[in-house]
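Read the structure below first, then the notes.
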Amino acid sequence: MTRTAWRPGTWVVWGTVAFFLIFVGGVVGSVVVNSFAVRWFDTWLPDGWTTRWYGASWSDFDLPSVLLVTFQVSVLVVAISLLTGVPASYALARREFPGKRALTLLFLLPIMIPPVTYGIPLATVLYKFHLAGTLAGVVLANLVPSIPFVILVMTPFIEQIDPRIEAAARMCGAPTRAVLGRVLAPLLVPGMLAAGILVLVRTVGMFELTFLTAGPDSETLVVALYYSVSAAGIRAQQQVDAMAVVYTMSMLVLLVIALRFVNPTQLVTQIKERPGT
Amino acid sequence: MTAPSVEGVALRHRLAERGLDRTLLLLLPAAVFVAGLFLYPFLYGLQLSFQPQDGGGVFANYAEFFRDGYLRDTIATTLWLGVPAALGNVAASVPLAYRMRGRFRGKRLLTTVLVVPITLGTVLTAEGLLTFLGPTGWFNRVLLGLGLVDEPVRLTHNYWGVLFSLIITGFPFAFLLTLSYLTGIDPSLESAAATLGAGWWQRFRFVTFPLLVPGLAITFCLSFVLAFSVFPSAILVGEPSGGTRVISIAAYHAAFEEYDYSMGSAIAMIMGVVELLVIALVLGWRATLYRGSTGGKG
C-alpha cells in the first residue's frame, strides 16, 4: 500500500464512515445539547442554556451513592476475576490434561450465551439464597462473564511467555515462591492490566446482569440511568440526559485508558484461541 | 498430601505422566465459580422450566410458548432484528477494514473515533436516537430542509430505532475484530498476487477474502450474540409491546412481572437454544472452509 488511487470504491467507503460519524455525532450531540437546554421543542437549538440539570441529577438521583456502588462492584469484580482467572489461564496455557477441551468449552460458554439467557435462572437462584438485591449478588452475577473473559485474554498471553524462563529460574535454585513473585509476576503484569481494564469497562457497562440482580441499594450507574428513562414523565428529559452524559464521560475516560494499554489488534489472538480453531 | 508412601509416589508419577499434577489445582477457583454461578443456575433453570407453575405436564411451558402467538412470534422478531444487524455490521466493516489495513497517518485516531460508540451505552444511544431521529429532531429537520420528504419520517418507537441502536453499538465491535483479523493476514500474499497481474478486485476476491471468511464467521457470531440479547434499547427506542417485542422482553416479563419463574426460565432456555442453533450453523459452515495458516500472526 504505497500508492492509493482514489477509486470510486474509496469514496463510497469514506462516505459511509463520514455518514456513520455524522449520525453518531448527531445522536451524542442531541443528548449533550439537551442536557444544557432550558427548554427545547420545535427548533434547531434550545431557547436558553443552563447547567442546573447537572446539579439536579447529582442530588435527585443520589448520584454519589450510585457512583460508590458502581465503583465497589467494578473493583470487586476486577479483583476476584483476576485472582481466579489468572491461575486458571496459567494451568490452561502450560498443561495438557484429559478433559481440557471440555473445561475450555465450559469457560467459553458464558461468553457465547447472551446474558439474559443465564441471567434469569441466575437471578432466580440468587433470590433463593437471598443474595439478589444485595451488592454481593450483583458482584457474583457480574463474575460470570468476567472470569471467562480474563481466561480468554490471559491464556494466549501466558502461552507466549517462554516456559524456559521458569525452568532457568528453578535451575538457579529459586523456590516456587520466588519463581511466582519475582519471575512470572513482573511478566504477567501488562496482560493482567489489560484484562483488568477490559473487565472494568465491561462491568461498568454491563446492563442485563446488574439489572436482573440489583436491588434499590445495589444499582450501578447504567441501571439507575435505565430506571430514570423508563420512568419518564417523572423526571425532566434534560435531567436524564445530563446523567447519561455523566455516564458516557466516565466510560470514555475508562476506554481511553484501556486503549493506551491494549492494542486493538491483540483481540485477534484471544478470539483465535476458541475451540475448533 | 499424605506422607509419600511408595505407592503414593508411583501413582503421582503415573498421573503426572498423563498431565495431572498439582498445577491443575490452579484451575479450581475459576472452575468452581463458573460451575456454581453459570452451570448450576443453568441446570436449575432447566429443571425449573419443566415444573410449570400452573401444572399441566412437564412440557406445559414449552407447549404454551409455541401455542401462544404473542410469545412464539418473539423468536422471529428477535431474529429479524439480530440477523440483519449482525450481518450489516460485519458487511460494513469489511470494506472499511480493508481500506484501513495498511499503515497511514491518523490511523490510531480514526480507530479510536470509530470505537467511541462502544462507550455510549444503551441509554445514551436510546435517548440520543429519540431526540435526533424524532419528528422534530435534527435528522428530520435536515431532510425537510433539503426537500427530500414532505413530512417527518417516523424512525423511533419502531423497528428502525432499535436497528439503528444495534448498529451504533455493534458496528465498532465488528469493525475492531475484522480489522484485527485482516491485519493478521500476511500482506506478502497480496503482493505475490499483484506480481502475477491480479487487479485489486481479484486480489481481494481470490486471496484476501477467502482467508478472511473464517474470521468473519466468528465476528458474525459475536455480533449476533450482542444483537440477539437486545433488551434495553428494544424497550426504550422500540415498541416493546408490539413490533420489537423481542424474546428477552418476554422472558423478563414472565419471570419478574408475572413472577412465573418457571415460564421465564423456559423462555430463557428457548432463547439460548435458538441462539446456539444459529451459531452452530455458522460455525458448521465455517468448518468447511480453509483454515490453514494465513501466513501472519495467530
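A quick note: this is a predicted structure, and the numbers were derived from the prediction, not measured. Chain identifiers are assigned alphabetically (A, B, ...) following the order of the sequence lines, protein sequences preceding nucleic acid strands; residue numbering begins at 1 within each chain.
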When [options] are compared by non-hydrogen pairs under 4.5 Å with chain B, the top option:
{"options": "A/Pro110, A/Gly85, A/Ala91", "value": "A/Pro110"}
{"options": "A/Gly205, A/Ala244, A/Ala88, A/Pro148", "value": "A/Ala88"}
{"options": "A/Asn34, A/Leu122, A/Ile80", "value": "A/Leu122"}
{"options": "A/Phe207, A/Tyr90, A/Phe23, A/Tyr118", "value": "A/Phe23"}

Residue part contacting chain B, namely of [X], when any heavy atom lies under 4.5 Å:
{"X": "A/Tyr127", "result": "side chain"}
{"X": "A/Val150", "result": "neither"}
{"X": "A/Tyr226", "result": "both"}

Fit a plane to each ring of B/Phe204 and B/Trp201, take the angle between them on a 0 to 90° scale, and name the class: parallel (under 30°), tilted (30 to 60°) or perpendicular (over 60°).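 Ring orientation of B/Phe204 relative to B/Trp201: tilted.
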Please work out which of the three classes, parallel, tilted or perpendicular, describes the rings of B/Phe132 and B/Trp138, given edges at 30° and 60°.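 The arrangement is perpendicular - the two ring planes meet at more than 60°.
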Go through the atoms of [X] and report whether side chain, backbone, both or neither lie under 4.5 Å from a heavy atom of chain A.
{"X": "B/Leu48", "value": "side chain"}
{"X": "B/Val246", "value": "neither"}
{"X": "B/Leu37", "value": "both"}
{"X": "B/Pro95", "value": "both"}
{"X": "B/Ala255", "value": "side chain"}
{"X": "B/Glu275", "value": "side chain"}
{"X": "B/Ile235", "value": "side chain"}
{"X": "B/Leu182", "value": "neither"}
{"X": "B/Ile168", "value": "both"}

Top contributor to chain A contacts, counting heavy-atom pairs under 4.5 Å, from [options]:
{"options": "B/Leu27, B/Thr219, B/Val32, B/Leu283", "result": "B/Leu27"}
{"options": "B/Ala194, B/Pro232, B/Gly215, B/Ala251", "result": "B/Pro232"}
{"options": "B/Tyr40, B/Phe228, B/Phe42", "result": "B/Tyr40"}
{"options": "B/Tyr252, B/Phe224, B/Phe164", "result": "B/Tyr252"}
{"options": "B/Leu124, B/Thr136, B/Ile279, B/Thr131", "result": "B/Leu124"}

Write down the atom of B/Ala30, the atom of A/Ile151, and the distance for their closest heavy-atom approach.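 Closest heavy-atom pair between B/Ala30 and A/Ile151: CB-CD1, 4.1 Å.
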List the atom of A/Leu143, the atom of A/Ser81, and the distance in Å for their closest heavy-atom pair.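 Reported closest heavy-atom pair: CD2-N, 3.9 Å.
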NZ/NE/NH1/NH2 to OD/OE distance under 4.0 Å, A/Arg94 and A/Glu166: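 The answer is yes: the pair qualifies as a salt bridge.
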How far does [atom1] of [X] sit from [atom2] of [Y], to the nearest 0.5 angstrom?
{"X": "A/Ile158", "Y": "A/Ser89", "atom1": "CD1", "atom2": "OG", "answer": "4.5 Å"}
{"X": "A/Glu208", "Y": "A/Asn142", "atom1": "CD", "atom2": "CG", "answer": "10.5 Å"}
{"X": "A/Met243", "Y": "A/Gln238", "atom1": "CE", "atom2": "CD", "answer": "15.5 Å"}

Got B/Leu226 and B/Thr169 here, is their nearest side-chain heavy-atom distance under 4.5 Å?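 B/Leu226 does not reach B/Thr169 side chain to side chain.
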Can you confirm whether B/Ile247 sits close enough to B/Ile267 that some side-chain heavy atom of one is under 4.5 Å from a side-chain heavy atom of the other?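 Result yes, sub-4.5 Å side-chain heavy-atom pair found.
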B/Ser233 and B/Ser165 side chains, donor-acceptor separation under 3.5 Å: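 Yes, B/Ser233 and B/Ser165 have a side-chain donor paired with an acceptor closer than 3.5 Å.
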